[in-house]
Amino acid sequence: MKLWGGRFSKDSDPLMEDFHSSISFDKRLYKEDIEGSIAHATMLGSIGVLENQEKEKIVEGLKNILEEIEKGQIEFSQKAEDIHMNVETILIDKIGVVAKKLHTGRSRNDQVATDLRLYGKKEIDFIKDLIQALIETLVTIAVENTETIMPGYTHMQKAQPITLAHHLMAYVEMLKRDYGRLEDAYKRMDVMPLGSGALAGTTFPLDRELTRKLLNFADVSRNSLDGVSDRDYVVEIESACSLIMMHLSRLSEEIIIWSTDEFKFITLDDGYSTGSSIMPQKKNPDVAELVRGKSGRVFGHLIGTLAMLKGLPLAYNKDMQEDKEALFDTVDTVKKSLLIINPMIGTMKVNKDKMLYQAARGFTNATDAADYLAKKGLPFREAHSVIGKMVAYCLDESKSLDELSLDEYKSFSDYFENDIYKAIDLITCVNDRSVTGGPATFEVERHIVSINKWLEEINNGRNSN
Ligand code: ARG
């Protein structure tokens with residue numbers, strides 16, 4: 001008979017069992033579920049709802065189940081519906097009737113909410129570590145390329161010269177914010193709903209503070225309806241993960257473009273590329289393409305969960321069981337993506353000469369030429385117009401700005417002197433942009449120092465935990 005079968009006079013249709021059972025996916029919560037049950041039983045023992053001997057038996061039994069699951073010795077049953085009732089059923093089989101006391105003062109509703117928060121907290125820590133590792137890889141490449149000049153783009157058109165370090169450090173900033181979002185989400189998730197019961201708490205005098213301590217939560221929930229019925233923490237993980245994937249997808253897109261024959265800014269390692277079954281010459285950037293592609297499913301999970309939740313009256317509704325596959329797939333996808341993109345980037349070869357070659361074309365120093373005139377006293381808008389005319393002239397003559405003679409310069413403006421050549425030199429163009437956050441070598445090095453300090457703080461924090 002089912003654990004809830006008392007009021008039923010007939011068994012479920014097998015189709016029904018298949019439809020509502022969640023064990024095929026929520027089995028991955030087995031550890032959190034057993035941890036939660038051990039804490040609950042221990043607390044029931046301490047308030048005298050369970051005799052010490054009963055508590056010991058239950059805790060012992062749960063620990064054995066955990067061990068057996070980890071050794072692959074347990075087969076879960078669809079009939080037992082979900083991980084919570086599977087563990088309980090196995091415990092009853094193992095230790096007998098005393099196991100039937102475990103569910104005292106508890107509901108699957110506060111149980112699943114607790115399991116999922118424990119799971120979310122653990123996964124956030126994993127993802128944070130993977131982000132940190134990717135940041136470290138990007139910083140390592142940045143350190144070697146603070147003088148590697150490349151064209152910066154707007155509208156995918158050459159705009160102004162920057163360095164590869166400056167470009168990669170932009171992603172470091174994005175990923176650092178992603179890290180912060182996960183930290184924020186963690187704080188709000190760090191609240192224990194156990195004790196909320198099905199929806200209205202319980203008549204047993206539970207010591208929620210003790211369970212909280214045992215499960216290492218920062219606080220306990222303050223409203224039993226909210227405790228069992230919100231999944232905003234799931235949405236927060238999915239949202240933070242969506243932003244991570246959006247950033248990884250943009251980075252991937254650049255890697256794809258940079259590795260084309262047209263750009264050749266980088267060469268991907270063979271270990272992270274694939275060939276074509278028909279075209280012998282092909283070397284495809286599949287990792288980057290897949291990361292870009294997989295971002296879509298993560299965004300989908302975010303929207304799916306929001307849509308699933310938006311019409312639910314308080315408190316628990318079975319719709320909420322749909323939160324899990326979305327969350328699990330989000331976490332899996334983000335972890336796999338971060339894990340693979342890191343060595344792909346870490347092993348790519350940077351073709352500095354190609355970057356410089358392209359930076360020297362397309363008038364990336366035109367703004368600097370206009371700035372030159374403005375610094376000599378010509379209003380910037382007029383300077384802009386003069387240089388615009390010069391660019392048109394250069395296009396006609398198939399020349400770049402630095403290939404014009406001083407006489408040609410002077411025919412456009414009397415302000416030009418011999419120092420114009422230094423002013424539009426790409427190295428000058430980069431290093432004169434020394435405003436905070438700019439691409440100047442010195443400025444990017446300063447940024448790298450501050451990021452390294454932040455990384456050190458994270459490592460120190462981890463060591464002191
Ligand atoms: N498997 C369920 C879920 O994931 C657990 C809670 C079920 N509660 C209930 N009253 N049916 O949401």
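Because the structure is predicted, anything quoted here is derived from the model rather than measured. Keep in mind that the numbers below use all heavy atoms, side chains included, and drop hydrogens, waters and symmetry copies. Each ligand, and each atom within it, is numbered from 1 in the order the structure gives.
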Between Glu17 and Lys2, is there a salt bridge with N-O shorter than 4.0 Å? yes
Residues in ring pair (Phe, Tyr, Trp, His ring centres under 6.0 Å) with Phe19, at least two apart? none
My understanding is that only residues two or more places apart in sequence, or in another chain, count here; which of them pass side chain to side chain donor-acceptor pair (under 3.5 Å) with Glu254? His167, Tyr171
Check: every ligand 1 N/O to protein N/O pair under 3.5 Å:
{"residue": "ligand 1", "atom": "1 (N)", "partner": "Ser22", "partner atom": "OG", "Å": "3.4"}
{"residue": "ligand 1", "atom": "1 (N)", "partner": "Asp82", "partner atom": "OD2", "Å": "2.9"}
{"residue": "ligand 1", "atom": "1 (N)", "partner": "Gln321", "partner atom": "OE1", "Å": "2.8"}
{"residue": "ligand 1", "atom": "4 (O)", "partner": "Lys324", "partner atom": "NZ", "Å": "2.5"}
{"residue": "ligand 1", "atom": "8 (N)", "partner": "Asn109", "partner atom": "OD1", "Å": "2.9"}
{"residue": "ligand 1", "atom": "10 (N)", "partner": "Asn109", "partner atom": "OD1", "Å": "3.2"}
{"residue": "ligand 1", "atom": "11 (N)", "partner": "Arg108", "partner atom": "NH2", "Å": "3.4"}
{"residue": "ligand 1", "atom": "12 (O)", "partner": "Tyr316", "partner atom": "OH", "Å": "2.5"}

All side chain to side chain donor-acceptor pair (under 3.5 Å) counterparts of Thr367, not counting sequence neighbours: Gln160
Assign the ring pair Phe265 / Tyr153 to parallel, tilted or perpendicular, where the plane angle (0 to 90°) is split at 30° and 60°. tilted
Output for pair (Ser259 OG, Asn284 CG), nearest 0.5 Å, gives 9.0 Å
